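Remember, it's a predicted structure, so these values are computed and weren't measured experimentally. One-based numbering, in listed order, for ligands and for the atoms of each. When reading the values below, keep in mind they use all heavy atoms of this one structure, side chains included, and skip hydrogens, waters and symmetry mates.
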Amino acid sequence: MRPDTPAPVRLEDYRPTDFAIDTVSLDIRLAPKATQVRARLAIRRRDTAAQGTPLVLDGDELDLVSLALDGRPLAADEYTAAPDRLEIRALPEGPFVLEIETRLDPDANTKLMGLYRSSGTYCTQCEAEGFRRITYFLDRPDCLSVYTTRIEARESDAPVLLGNGNPVEAGRIEGTDRHYAVWHDPHPKPAYLFAMVAGDLARVSDRFTTADGRDVALNIYVEHGNEGACDWAMDSLKRSMRWDEEVFGRIYDLEVFNIVAVSDFNMGAMENKGLNIFNDKYVLASPDTATDQDYAGIEAVIAHEYFHNWTGNRITCRDWFQLCLKEGLTVFRDQEFSSDMRSRPVKRIADVRLLKSHQFPEDAGPLAHPVRPRLYHEINNFYTATVYEKGAEVVRMLKALLGPEDFRAGMDLFFDRHDGEATTVEAFLACFQEASGRDLAQFSLWYEQAGTPTLTVDSKYEPEARRFTMTVRQSVPPTPKQSAKKPMTIPLKAALIGPDGTEMTGLSVAGAEMTGDTLHIRNPSHMIVFSDVPARPVPSLLREFSAPVHLKSDLSDADLLFLAARDTDPFNRWQALQSVALSALIKATQAAASQRPITVDPALVEAFGANIADDSLDPAFRALCLQLPGETDLAREIGKDVDPEAICQARRQVRATIADALAETMLATYTAMTSPGPFSPDAAASGRRALRNVLLEYLGHGTGGQDGTLAQAHFDAADNMTDRAAALGVLVHARLPGHEEALAAFADRHAGTPLALDKWFTIQATAPFGDALETVKRLTAHPGFSMGNPNRVRALIGAFATGNQSQFNQADGAGFDYLAEVVLGLDKTNPQVAARLASAFRSWRALEPERQARAEAALRHVAATGELSPDVRDIVDRCLQ
Ligand code: BES
Ligand code: ZN
C-alpha cells in the first residue's frame, strides 16, 4: 500500500453524530454552469455531544459562496471552509439555523455524482456520498431530515421540475423567463435519498389505488419521442405496488410516485424517495429494441427500486457497512417478485447462474469481502455481487431455516419496530430471533465470513439395514484478512429419490435437525442417517440451491443423469445436467490444452437430446438446461493455472459435437418453437424464443450450420430484438457467411437508438477471435460510441473485459494493457465507472503463470500512476495485495 493512502473507514469506529439536522430547506436556482444552492439547515446538538464540539460537515469539490448562522453572516475566523469540509466553531448551545450557499457547475460534472446534466436534463445522484457535492452536510445515512426543495429554472429549458415527496406549490417568476416548484417530503430521510430533476421531458401517467384506498399518481418521465416505450415499465410498477401489499403488507406512502429515465447514469437505477431515477436501459422497451432479457430486467429493476421504499427508505442503514440490510434484502424481494410473475424455477436458475458467475469468483479472489464488510477505503466499490447477491441468498436462507410463517413474522416485526430508523444487521436478525424463538448467533456468521463454503457429501446405502447414511462436511476457505473460519448454519434442502423417480417420504432422520425438507447443518461434520429406506436412493441435494455453497458430492455421472431426468425439483434437474456438462467440459479443456482430441460422452448427448424433445417441460426451462456452463464457470471450477484460450476452444468444440449429434432433433424443435402471430413479451412466448435461440446457437456452430443460411434466415425474419440479436450473435461468433452484411444491416436499422446499438457493440466485443481487441479499439471511434456514457463503455469495453475471456486474457497481455489504459483515461472523468472496469482484473491470480505475469504488470502500471482516484486506487491495491 502506498504511504499516501488515506485511512480506511472501520465499522468499529462508528459513533452517532454530535448534531441532528431536523429539517433541510433547499433553494436550487439552476443554470448550466453556475447553479446556486441555498441550504437552510435546522440543527441541534445532541444531548450526548459535549458543549463546544464544533460542527464538521462533509463536502466534495464544493465552492462556498456564503454562510450565515441564525441570520448572521459568519466572520472568517468563525469557520474553516475547504472544498471537502466545513468546520464551524462558536455555536450556540440551543438549536440554530445554518444557511449555506454554494455554487455548482452541473455541465462540468462528468463523475455523474451530485448534480449533473444528462442530455440537457438536470438530475442528481446522491448515493452513496453525492449530496456533499451539492451542499455541505452530515452526509451519512444515520442523519435523517425532513426536506423541502424549491427548484427554479428557465421555463423553456426545464418545463418539468421534480423533487422528493409531494408537490406543494409551483408558479412563474414574474418579469423573468423562469419558473419554480416546491416539493415537500414528510418522511425523514438520509441525504443519499435526496433527488431533483429539471428538464424538458415527456410524461406518461397512470394511477394506482392502494390497499387502504388512497389514490397515487404514477408518472414516468422520458426524453421526447420515447413516450411509446414506457408501457412495460408502468405495468411493472403497478404490479410491484400490488405485490408488495399482498406479499409483505407494505403500502405506498406518498401522493405521487415519479420515475425519470436518463441516458447518462453510473448504475442501473436509484430509489430516491418518491422520485426514482433510472438508467433509461431499465425503463425503455419496445419489441424492436429490447430483448426478452431486457423486459425481465426492467420488471426486476422497477420492482427493486420500488421495494426500497420500505426496505431502504422507511428503514434505512445506520452506516454504509450495513448496505446489505437494504440491498441484499431488496434483491431478495425483487427476486421473489419476479418468481411470482414468471416461472419460479426458471428465475431461480437465472439467479443462481448470476451468483455463480459473478459472486463466486469475487469471493474466491483478492476482492473477497464479507456480506457486511468491516472496513472500506471507498464505499462505491462495495456495491458488489457479494453485498447484493450473496446478501439476498442470506435472507433466502433465513427463510428456509425459519419457514415462511416465522420469516413473515420476523419481517413484520422489523417493519414495525424500525420504521423511521437507520438501523443495523443485528437489529434485523434480532427481529427474526424473537419471532421464531431460534438462536441466530451462528447464522449471523454469514454476514461476517467471506469466502464460499464447501459442502462435501458422501453417502452409502446398506440394503440389509435399509439405511442410507450421508456424511456432510463443511469448510470455509481463507480469504484476505480472514484466515480461520468458524462453521456456519447451512440450510441443506434434500430429498431421496427412489429408483422409480418418486420422492421417498415419511423417513426418519437422525444426525441433524430437519424442518420440512431442510436439514440444518451446523457442525463441521454431520453423519445423517435415514432409516427404513426400502431401496438405494439417489439423494437430491441442495434443492433450489438452498445455500450459496460449493457442493461436492460423490454422485456418479449416472446418478446425476438420473436426477437430470427424474428429479422432482426442477432446479436440481438443471443443476444435475450442468454438473455432468461441467465435468465433460473440464475434461475437454484438459484435452485441448494438451492437443488431444476432444470427445463427449454419448450419455450426456443423449440427456441433452431427451431434454430438447420433452414437450412436457417449459421451453424456457429446456433452454436453460441446454446452455452449457460458461467460460467463467469453467475457469472457476478449474481454479488455478487457468488457460482461457483452451477453455474457449474446448467449449466451442463440445458445443459443435453436441450440435452435430443432435442436429435432427434440434432442427425439429427449432421449427416447432417458431411463434405464430404478433410479438408478446410474456413468459410463455419469451420461453419459446429462448429455446429456439439456444438451438440456433448450437445449429449455427455445428457442421450443418456452416453455410450460414439458417442464421441469416433467422436474422432476416426477426420481428423483434430478441431474435435479431440472437441471430447476429451466432453469425458473428461463429463467423458465418453473411455476418458482415448482418452487422451492417443492424447498425443501419438501429443507428438512432443507442440502447439497441449497445447490443451491436457487445456482440462484436465478445467475438472469440484474435482480432477482437482491434475491433474494440476501432469501435471506440464509432460515432455511436462515447467514453462519457457509462452504458456505451460497459457495452463495448466492459463486455470485452468480462464477456470475452479468451481475448481479454490473450497470452501476450495486450488485452490487459488496453484495459489499463482505458481505466487510467476514464479515471480522470468518471472514477466510479473506471473502478468497475478495473475489477475485471480480479481473477488474475488464477491464470496460468505467463498470463498472470502480464496481468500483474498491467495492474502495477496502473498502481504506479500518480493522481489515481480513491476508487481505482482501492481496486488495484486490493487486487495486488
Ligand atoms: N441503491 C442502488 C443504486 C446505487 C448503487 C446507488 C450504487 C449508488 C451506488 C439501487 O437500489 C440498486 O441497487 N440498483 C441496482 C439494480 C438493482 C436491480 C440490483 C443497480 O443500479 O445496479
Ligand atoms: Zn438497491
Side-chain angles (χ1 to χ4, degrees), residues 60 111-114 116 123-133 139-141 189-195 233 236-237 240 244 259-262 264-283 293-317 320 322-338 341 347 350-351 354-355 358-359 371 373 376 378-393 395 790-791 794 798 830-833 835-836 839 871 874:
D60 182 12
K111 293 185 177 172
L112 314 187
M113 286 295 283
Y116 66 96
C123 60
T124 56
Q125 170 59 35
C126 292
E127 188 177 2
E129 297 178 336
F131 191 70
R132 63 184 66 183
R133 295 169 60 77
D139 190 6
R140 40 187 281 174
K189 66 168 175 288
Y192 83 84
L193 290 173
F194 167 81
S236 301
L237 174 61
S240 305
D244 213 14
I259 288 177
V260 179
V262 299
D264 303 88
F265 201 72
N266 282 348
M267 304 296 297
M270 179 64 210
E271 69 265 26
N272 318 298
K273 184 80 185 190
L275 177 54
N276 285 190
I277 299 181
F278 272 63
N279 186 324
D280 57 1
K281 171 180 163 63
Y282 291 113
V283 173
Q293 238 189 321
D294 293 329
Y295 276 88
I298 290 167
E299 182 179 80
V301 180
I302 293 265
H304 178 96
E305 306 310 337
Y306 174 74
F307 296 157
H308 268 314
N309 191 53
W310 275 94
T311 50
N313 301 3
R314 289 286 288 251
I315 304 181
T316 194
C317 301
W320 289 122
Q322 320 295 329
L323 184 58
C324 65
L325 177 68
K326 75 176 178 84
E327 294 302 348
L329 175 56
T330 305
V331 170
F332 169 76
R333 277 153 51 69
D334 82 55
Q335 290 175 346
E336 285 298 291
F337 167 73
S338 295
M341 296 296 122
K347 173 63 178 162
D351 290 339
L354 184 79
L355 182 81
H358 288 78
Q359 199 278 325
V371 171
Y376 62 77
E378 174 51 63
I379 186 56
N380 285 320
N381 291 337
F382 279 85
Y383 288 76
T384 60
T386 297
V387 168
Y388 276 67
E389 265 68 48
K390 191 174 179 181
E393 292 301 316
V395 177
N791 287 355
R794 283 186 284 255
N830 192 331
Q832 253 184 63
V833 174
R836 288 200 168 245
S839 52
D871 308 60
D874 172 46

Name of whichever N/O/S atom of E327 is nearest to the Zn ion (ligand 2):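 Closest N, O or S atom of E327 to the Zn ion (ligand 2): OE1.
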
What atom name does the N, O or S atom of H308 nearest to the Zn ion (ligand 2) carry?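 Of all N, O or S atoms in H308, the Zn ion (ligand 2) lies closest to NE2.
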
Walk me through it: do R333 and H304 pass the test side-chain contact (heavy atoms from CB on, under 4.5 Å)? CA-CA 7 Å; R333 277 153 51 69; H304 178 96; over 6 Å; no

Would you please classify the geometry between the W320 ring and the Y383 ring as parallel, tilted or perpendicular, with 30° and 60° separating the classes?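 If you compare the ring of Y383 with that of W320, the planes turn out tilted.
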
Assign the ring pair F307 / F337 to parallel, tilted or perpendicular, where the plane angle (0 to 90°) is split at 30° and 60°.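 Geometry flag for F337 against F307: perpendicular rings.
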
In this structure, are over 12 heavy atoms from other groups packed under 6.0 Å from K281 atom NZ?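 Open.
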
So, D60 and R133, do they make that salt bridge, N to O below 4.0 Å?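 A salt bridge links D60 with R133.
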
Taking a 3.5 Å cut-off between nitrogen or oxygen atoms, can you list every pair linking ligand 1 to the protein, with distances?
{"unit_1": "ligand 1", "atom_1": "1 (N)", "unit_2": "E127", "atom_2": "OE1", "d": "2.6"}
{"unit_1": "ligand 1", "atom_1": "1 (N)", "unit_2": "E271", "atom_2": "OE1", "d": "2.7"}
{"unit_1": "ligand 1", "atom_1": "1 (N)", "unit_2": "E271", "atom_2": "OE2", "d": "3.4"}
{"unit_1": "ligand 1", "atom_1": "1 (N)", "unit_2": "K326", "atom_2": "NZ", "d": "3.4"}
{"unit_1": "ligand 1", "atom_1": "1 (N)", "unit_2": "E327", "atom_2": "OE2", "d": "2.9"}
{"unit_1": "ligand 1", "atom_1": "11 (O)", "unit_2": "E271", "atom_2": "OE1", "d": "2.9"}
{"unit_1": "ligand 1", "atom_1": "11 (O)", "unit_2": "H304", "atom_2": "NE2", "d": "3.2"}
{"unit_1": "ligand 1", "atom_1": "11 (O)", "unit_2": "E305", "atom_2": "OE1", "d": "2.7"}
{"unit_1": "ligand 1", "atom_1": "11 (O)", "unit_2": "E305", "atom_2": "OE2", "d": "3.2"}
{"unit_1": "ligand 1", "atom_1": "11 (O)", "unit_2": "H308", "atom_2": "NE2", "d": "2.9"}
{"unit_1": "ligand 1", "atom_1": "13 (O)", "unit_2": "H304", "atom_2": "NE2", "d": "3.2"}
{"unit_1": "ligand 1", "atom_1": "13 (O)", "unit_2": "E327", "atom_2": "OE1", "d": "3.1"}
{"unit_1": "ligand 1", "atom_1": "13 (O)", "unit_2": "Y388", "atom_2": "OH", "d": "2.7"}
{"unit_1": "ligand 1", "atom_1": "14 (N)", "unit_2": "A269", "atom_2": "O", "d": "3.4"}
{"unit_1": "ligand 1", "atom_1": "14 (N)", "unit_2": "E305", "atom_2": "OE2", "d": "3.1"}
{"unit_1": "ligand 1", "atom_1": "21 (O)", "unit_2": "G268", "atom_2": "N", "d": "2.6"}
{"unit_1": "ligand 1", "atom_1": "21 (O)", "unit_2": "A269", "atom_2": "N", "d": "3.3"}

Partners passing ring pair (Phe, Tyr, Trp, His ring centres under 6.0 Å) against F332 (at least two apart in sequence or in another chain):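 Listed in chain order: F407.
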
Distance only, no hydrogens: is a donor on one side chain within 3.5 Å (strictly under) of an acceptor on the other, for E305 and Y282?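 Note: E305 and Y282 side chains miss the donor-acceptor criterion.
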
